[in-house]
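Input: a single structure, listed below in structure tokens.
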Amino acid sequence: MCRSGVLDATAADTTTDETDGVVTVTCKNVAGSDCRIGGSPGVDLKTSLGDTFSVDRNGEQAVPQILKEGETASFSITFPVNNSGGSGVRLTDMVVMPPNETEPFTLTWPAGTLAVTDGEERRAHVAYDVLRMGRGGHR
């Protein structure tokens with residue numbers, strides 16, 4: 001299994017439109033050997049007010065795969081962009097629990113604020129399309 005201690009994780013704002021924001025979390029295998037990754041990561045978001053909420057899972061199943069040393073896998077968090085002109089909800093960190101793991105890691109939230117939902121049910125969710133991206137490109 002790919003454990004937290006052998007994954008070098010980064011988060012990047014990969015938003016491409018004004019409605020739905022996207023943060024991509026990329027994990028590089030730095031174990032020195034291959035590891036197996038599969039299942040769905042868990043993500044909790046922390047706000048500037050100290051609140052924490054779990055990101056909804058979208059129901060997609062990740063395909064288990066072998067992550068060779070130096071290769072990366074990624075997943076995306078989709079969220080409603082705050083384009084209301086208001087302050088929105090400012091996120092500070094995200095706590096990521098890799099699949100089949102008990103040790104989470106914390107990454108700084110790289111994107112803007114979330115829209116405040118006023119009864120509207122547009123929440124952040126994780127897209128579990130774990131992708132092998134090959135060597136390089138990330139630290």
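Taking both residues in full, the closest heavy atoms of Pro104 and Val95 are given as CB-CG1, 3.6 Å, listed atom of the first, atom of the second, then distance. Pro64 approaches Arg36 most closely through the heavy-atom pair CB-NH2, 3.3 Å. Met94 and Ile77 get closest at one heavy-atom pair: SD-CD1, 3.6 Å.
In this structure a side-chain-to-backbone donor-acceptor pair under 3.5 Å is missing from Thr26 to Thr10. The main-chain N or O of Gly21 is never found under 3.5 Å from a side-chain atom of Asp17 such that the two would form a donor-acceptor pair. Using a distance-only test at 3.5 Å, with no hydrogens or angles considered, a donor-acceptor pair links the side chain of Asn83 to the main chain of Glu18.
Here OG of Ser87 is found 7.0 Å from CG of Asn82. Values are rounded to the nearest 0.5 Å. The CG atom of Leu7 sits 12.0 Å away from atom NZ of Lys28, with the distance rounded to the nearest 0.5 Å. Atom CD in Glu71 sits 13.5 Å away from atom SG in Cys27 (nearest 0.5 Å).
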Verify side-chain contact (heavy atoms from CB on, under 4.5 Å) between Leu91 and Thr113, making sure each step is shown before the conclusion. CA-CA 6 Å; Leu91 300 175; Thr113 61; over 6 Å; no
Can you check side-chain contact (heavy atoms from CB on, under 4.5 Å) on Val23 and Phe75, steps first, answer last? CA-CA 9 Å; Val23 167; Phe75 64 91; over 6 Å; no
Stepwise side-chain contact (heavy atoms from CB on, under 4.5 Å) check, Val55 with Leu45: CA-CA 7 Å; Val55 175; Leu45 300 178; 3.5 Å; yes
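Applying the salt bridge (Lys or Arg N to Asp or Glu O under 4.0 Å) criterion to Arg3, with sequence neighbours excluded, gives Glu101. Considering only residues two or more places apart in sequence or on other chains, Thr14 meets the side-chain hydrogen bond (donor to acceptor under 3.5 Å, both in side chains) condition with Thr24. Asp13 pairs by the side-chain hydrogen bond (donor to acceptor under 3.5 Å, both in side chains) definition with Thr15, not counting sequence neighbours. In this structure Asp93 satisfies the salt bridge (Lys or Arg N to Asp or Glu O under 4.0 Å) test with no other residue, sequence neighbours excluded.
Residue pairs meeting the ring-ring contact (aromatic ring centres under 6.0 Å, His included) criterion with at least one partner in residues 81-115, sequence neighbours excluded, are Phe79-Trp109. Among residue pairs with one or both ends in residues 2-22, none qualify as ring-ring contact (aromatic ring centres under 6.0 Å, His included); sequence neighbours excluded.
Looking at Asp51 and Lys46, their side chains never come closer than 4.5 Å, going by heavy atoms from C-beta outward. Taking 4.5 Å as the limit, some side-chain heavy atom of Pro98 sits within range of a side-chain heavy atom of Ser4. For the pair Thr47/Val89, a side-chain contact is recorded, criterion being any heavy-atom separation below 4.5 Å from C-beta on.
A donor-acceptor contact closer than 3.5 angstrom is absent between the side chains of Thr52 and Asp44.
A side-chain contact (heavy atoms from CB on, under 4.5 Å) with Cys2 holds for exactly one of Asn100, Ile66, Leu67, Asp34; it is Leu67.
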